[in-house]
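Below you'll find the structure, written out as structure tokens, and then a few comments.
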Amino acid sequence: MQALIPILLMLFVTSPTSNARIAAEVSNVDVNVVDFGAVGDGESDDTQALLKAWSNVCGASQGTPTLNIPKGKTFMLQPVLFNGPCKSPSINVKLEGKIVAPKSMNAWKWSDSVRDMWIQFANIDGLVINGGGQIDGQGAVWWNGCKENCVRPTALHIHNCKNLQFSRLTHLNSPRNHISISACDGANISNLRTTAPDESPNTDGIDISESTNVRIENSFMATGDDCIAVNSGCSFINITGITCGPGHGISIGSLGANGAHNTVEEIHVRNCSFKGTQNGVRIKTWQGGSGYARKITFEDIKFDAASNPVIIDQYYNPNPQMDVSNGVKVSDVTYRNVHGTSANEKAISINCDNTVPCTNIVIDHANITSSVPGKKTFAVCSNAHGTSTTSVPTVGL
Ligand SMILES: *[C@@H]1O[C@H](CO)[C@@H](O)[C@H](O)[C@H]1NC(C)=O
Ligand SMILES: *[C@@H]1O[C@H](CO)[C@@H](O)[C@H](O)[C@H]1NC(C)=O
Ligand SMILES: *[C@@H]1O[C@H](CO)[C@@H](O)[C@H](O)[C@H]1NC(C)=O
Ligand SMILES: *[C@@H]1O[C@H](CO)[C@@H](O)[C@H](O)[C@H]1NC(C)=O
């Protein structure tokens, strides 16, 4: 025994890399939710077990503490908030198994701190969510059973998280939007697969608001509403490699609802495709709001029988208004290399506010033909200024 000690010491002294690795392994807290009583049979309520496991992960101060939600099991969760701040600068939620919502609407248990949301992560910096698992919102009962005077919940809400990394998960059948991101600074979101039936109401893929420096990449979205919606307070959002459809496309807004002051800027949407979607790339605002949507680029976009491939709609409000003195200003919007087919003959619609016209709308290489043989596409434009270079259909900017 005594003879071993110098040898061990020598090993540590002579091998600094393995020394560091051993130290890291020792300090990383790795929590399996099953060890905290989670059953994972898809029926038992595993909420308290996951919260207990979470408090251990969030309270651990070294390395990257990990919450493991293992493969081969299905964990039923009630509405739950995984709250920070956490002690470690980086936290990993490794979802390899499945999470499901309660089966019926009546089975959902709400509390004062958790309303209108199913699973929430809030106030956690350096949060990494990944693992290849699945989140199933069991939304069908809500789509049919919750219409008037009833609020359907968001499946996954991530709020006030700096430097988020969120990847490799499947999201199914949310009661409402699948993922919402708010008040986050710095986020890389990639390799998500989000699906819900074409006709399921308000089942957006990802909604983002009040966030900056966000990348959403290489994901597949087929839902009943927007694949991605970029809402007020967003800037520096890059969306690339999204396959969207069915769904309502990628939207900026709606902005300016009920007189709101909303702002969005520096949004880059690149290398995305839209198959059979109700819209392609859309900017939508309400009359009578204020603020702006500016510095927005849609580049290398492909449409396959999309119904309204390119659309700016500044009359999105359900009730048209007369004599409005304000509007959300839309400017510096570029469509570069947008091509493919439109299911409607009206392939490009730039319908700007008559109070606050659009400026510097740039169409640079568009070629959108009809998906119906023998039909021609056309563009409409009102209250819009800018330039158009090499465009099919021609746009009168
Ligand atoms: C996102 O990815 C980019 C490029 O790999 C990297 O520079 C950035 O730090 C990442 N951000 C986060 C929050 O991980
Ligand atoms: C978004 O893309 C632009 C243009 O390619 C780039 O300059 C910017 O750094 C990117 N921002 C993020 C948050 O990835
Ligand atoms: C474009 O997006 C697709 C996913 O739809 C991806 O496979 C491809 O690598 C991307 N290409 C570029 C040039 O970014
Ligand atoms: C537009 O696309 C159609 C169908 O792919 C193609 O036949 C046509 O040559 C293209 N026109 C231009 C100007 O690129």
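Atoms within a ligand are numbered from 1 in the order they appear, just like the ligands themselves.
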Those protein residues which place at least one heavy atom below 4.0 Å from ligand 3: Gly241, Thr243, Asn271

Side-chain cluster (under 4.5 Å, hydrophobic types only) that Val100 belongs to, other residues: Met76

Heteroatom distance test (Asn367, ligand 4): nitrogen or oxygen, under 3.5 angstrom: yes

Shortest non-hydrogen separation from Ala347 to Ile368 and the atoms involved: CB-CG2, 3.8 Å

Pair [X], [Y]: side-chain N/O donor-acceptor within cut-off below 3.5 Å:
X      : Y      : result
Ser342 : Asn344 : no
Asn231 : Asp207 : no
Asp226 : Ser251 : yes
Asn32  : Asn68  : no
Thr359 : His385 : no

Polar atom proximity, Asn188 to ligand 1 (N or O, under 3.5 Å):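 Min N/O separation from ligand 1 is below 3.5 Å for Asn188.
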
Distance, nearest 0.5 Å, that separates CZ of Arg176 from CH2 of Trp143: 13.5 Å

Which of the ligand 1 atoms, numbered from 1, are nearer than 4.0 Å to a heavy atom of Gln165: 14 (O)

Atom indices of ligand 1 within 4.0 angstrom of Asn163 heavy atoms, with elements: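 Answer for ligand 1: 13 (C).
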
